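Single-structure report; data block below.
Side-chain atoms are counted along with the backbone in the values below, which use heavy atoms only and exclude waters and symmetry mates. As the structure lists them, so they are numbered: ligands from 1, and atoms in each ligand from 1. Note that the structure is predicted; figures quoted are calculated from it, not measured.
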Amino acid sequence: MNAPDSLRPSLPALAPLTPHPEPGTAPRIELGLPADWSSGFAGLAADPEEPFIRPCDPSPLQECRFLAVSDHAAALLGLDAQAIMQSPEWLAVLSGNAVGRHLQPYASVYAGHQFGVFVPRLGDGRALNLGALRGWELQLKGAGQTPYARFADGRAVLRSSIREYLCSEAMHALGIPTTRALSLVAAASPVLRETVETAAVVCRVAPSFLRFGHFEYFSSRQRTDQLEQLARHSAALLGCGDSGNRTPMPASELALAVLTEVAQRSAKMTAQWMGVGFMHGVMNTDNCSVLGLTLDYGPFGFMDGFNTGHICNHSDHHGRYSFQSQPQVSLWNLSRLANALYPLVNAVDPLNAVLEHFKSNYAKEMEGLLKMKLGLQQLPEDQWGPLLDDFYSLLQSQGMDHTLAFRALSNQDEQGFSDLAPDRAACRPWLDRYQQAVSASLSLQGISAEVRQEQMRAVNPKYVLRNWIAEEVISAVRDHGDTGPLQSVARLLKNPFEEHPESERYAAPPPDWAQYLSVSCSS
Ligand code: AMP
Ligand code: MG
């Protein structure tokens with residue numbers, strides 16, 4: 001007997017794909033690179049009906065010029081930043097005006113939960129993958145429409161590209177897992193947002209750009225075969241599951257191994273975000289990296305004056321992605337990944353066990369990090385909890401600058417700490433208790449006060465990419481064609497834990513003009 005139509009599981013309806021430049025449309029040029037490029041999805045046997053990727057060429061931009069090339073990111077690829085900056089061929093390739101002779105760029109398909117709502121097909125709408133070099137994938141963001149561009153233009157504006165370039169490299173320097181940025185190219189071509197702006201292209205670099213949404217897509221299409229391929233591909237990238245040289249692990253075990261590793265990495269990354277006061281701004285599942293990297297920099301922010309409910313994204317009207325929500329959202333996103341993997345596991349309890357473990361794992365990561373940040377590794381448990389709670393209550397009630405508060409404690413600068421509070425006297429009781437805790441912890445640890453200070457400064461940055469700093473850099477480039485501030489801020493944020501007397505002003509809270517800066521999803 002056939003099931004009535006109403007009982008048949010129905011697949012989500014998909015919109016038609018966007019017209020896009022066909023492969024071979026862009027000029028091919030010689031880059032003089034080693035020929036060991038490979039496709040990030042190489043080895044996955046795609047179904048022509050439901051492929052993981054679709055080839056697509058970039059669309060040209062006018063009057064392109066390099067604004068920056070990261071020497072650290074270039075070194076990962078065995079390349080030299082200066083040589084790239086001076087090469088017309090590299091400029092053409094990294095702006096999407098040409099394609100390296102042996103490459104065929106492609107866009108990948110994924111789905112995702114955006115602000116809690118499932119969208120059955122998103123995909124790389126404005127990201128084009130060039131291939132992988134030395135195990136690093138290169139991806140152009142803003143090089144034009146792809147099959148997954150839907151109604152949008154495939155472009156990225158200058159301001160958001162500057163923010164992504166700077167923050168990718170800054171997060172890496174803070175020791176936080178992230179996609180990297182090789183280059184930032186500006187163009188004269190207009191892009192329409194709320195006003196007319198100009199286009200830019202960032203070349204991102206990562207071992208893989210796999211997202212939770214890749215799993216969600218194939219799971220929702222009921223393609224268990226493709227889901228298993230993705231799980232095997234991810235397991236190899238994550239270094240979990242079988243190593244491929246004995247009998248392959250059953251799919252259920254493999255899926256659990258993948259989820260476990262992703263959850264562990266997500267717990268650590270989220271704790272690190274919280275530790276530096278970073279807010280991602282759009283923690284949709286399509287922006288969640290399977291490798292546990294900070295991915296897709298949009299309306300992100302670093303906390304200035306502490307407010308645990310702070311919402312950095314002006315478009316996030318209900319505060320779904322506020323600062324304090326991030327650990328909970330991270331777990332919710334993992335539960336979406338678990339749900340997507342269910343067809344491989346066919347049992348709920350083991351998936352739930354991994355999610356349950358995330359909670360204790362996150363708490364452990366956070367506690368370890370905060371003990372280092374406050375220099376109290378050896379404090380007895382019964383003293384730690386109340387001292388920490390009261391610390392955050394003080395930051396919150398006084399709206400103290402998050403970065404500078406931790407930094408002042410690292411320098412044992414009680415005066416500097418109190419100066420961050422409008423009511424300086426309100427800090428005294430907590431500082432007295434903290435001093436006692438420091439003495440108790442120091443004697444148990446057996447280290448000198450100087451060594452402790454050094455250890456604290458190595459985990460409490462002096463410089464983070466505050467919105468006002470990004471805004472100043474953007475304005476210099478956009479309004480005056482001046483890349484000086486971009487270069488000095490990029491240099492500064494490479495060593496955020498060190499003192500830079502010549503750049504002291506970048507350690508400051510927002511100046512008056514920047515009190516009410518807002519960033520939105522528009523990019
Ligand atoms: P985001 O909110 O930036 O993570 O983007 C969500 C989805 O929209 C992703 O699939 C993006 O690739 C796509 N998207 C965002 N902006 C554009 C654009 N200007 N052109 C094409 N696709 C876009
Ligand atoms: Mg995105």
So is there a nitrogen or oxygen of Gly123 less than 3.5 Å from a nitrogen or oxygen in ligand 1?
yes
Among non-hydrogen protein atoms, atom 20 (N) of ligand 1 lies closest to Gly154 N, 2.7 Å
**Message:** Does Asp225 form a salt bridge (charged side-chain N to carboxylate O under 4.0 Å, His left out) with Arg223? I'd like the steps, not just the answer.
**Reply:** CA-CA 5 Å; Asp225 52 341; Arg223 293 304 303 260; 2.9 Å; yes
Ranked by distance from atom 6 (C) of ligand 1, the top protein heavy atom is Gln114 NE2, 3.5 Å
**Asked** For atom 16 (N) of ligand 1, is the nearest protein heavy atom closer than 4.0 Å?
**Response** yes
Worksheet item: Relative to each other, are the rings of His402 and Phe323 parallel, tilted or perpendicular (30° and 60° limits)?
Response: perpendicular
Check: N/O of Tyr148 under 3.5 Å from N/O of ligand 1, yes or no?
Finding: no
Do the ring planes of His214 and Phe41 sit parallel (below 30°), tilted (30 to 60°) or perpendicular (above 60°)?
tilted
Original post:
Is there a heavy atom in Gly298 that sits closer than 4.0 Å to ligand 1?
Top reply: no
Report task. Decide if the gap between the ring center of Phe52 and the ring center of Phe218 is smaller than 6.0 angstrom. Result -> yes
Tyr506 six-ring centre to Arg466 NZ/CZ under 6.0 Å and within 45° of normal: no
| said: Ignoring hydrogens and geometry beyond distance, is a side-chain donor-acceptor pair present between Thr146 and Asp124 at under 3.5 Å? | reply: no
CZ (Phe278) and CD (Gln272) are apart, to the nearest 0.5 Å, by 12.0 Å
Of all protein heavy atoms, the one nearest atom 19 (N) of ligand 1 is Asp153 OD1, 2.9 Å
Listed as residue and atom, the protein N/O/S atoms under 2.8 Å from the Mg ion (ligand 2) are Asn287 OD1, Asp296 OD2
When you measure from the centre of the six-membered ring of Trp332, is the NZ or CZ of Arg320 closer than 6.0 Å and no more than 45° off the axis?
yes
For atom CD of Glu30, is the number of surrounding heavy atoms from other residues, nucleotides or ligands below 6.0 Å larger than 12?
yes
- N/O separation below 3.5 Å, Ala152 to ligand 1: no
So CG of Leu174 and CG of Leu493: to nearest 0.5 Å the spacing works out to 8.0 Å
Can you confirm whether Gln328 is buried at CD, in the sense that more than 12 heavy atoms of other residues, nucleotides or ligands lie under 6.0 Å from that atom? no
Taking only non-hydrogen atoms of Asp296 and a 4.0 Å limit, the atoms of ligand 1 in range are 4 (O)
Over 60° means perpendicular and under 30° means parallel, so classify the ring planes of Phe302 and Phe300, tilted if in between. perpendicular
Any N/O of Asn287 closer than 3.5 Å to an N/O of ligand 1?
yes
Could you tell me whether Gly125 and ligand 1 have an N or O pair separated by under 3.5 Å?
yes
Ligand 1 to Arg155, heavy atom cutoff 4.0 Å, flagged ligand atoms 19 (N)
task = Decide, yes or no, whether a salt bridge links Asp47 with Arg221 under the criterion of side-chain N to carboxylate O below 4.0 Å.
result = no
Judged by heavy atoms only, the candidate from Gln145, Arg126, Arg193, Arg150 nearest atom 13 (C) of ligand 1 is Arg150
Check: For atom 2 (O) of ligand 1, is some protein heavy-atom partner under 4.0 Å away?
Finding: no
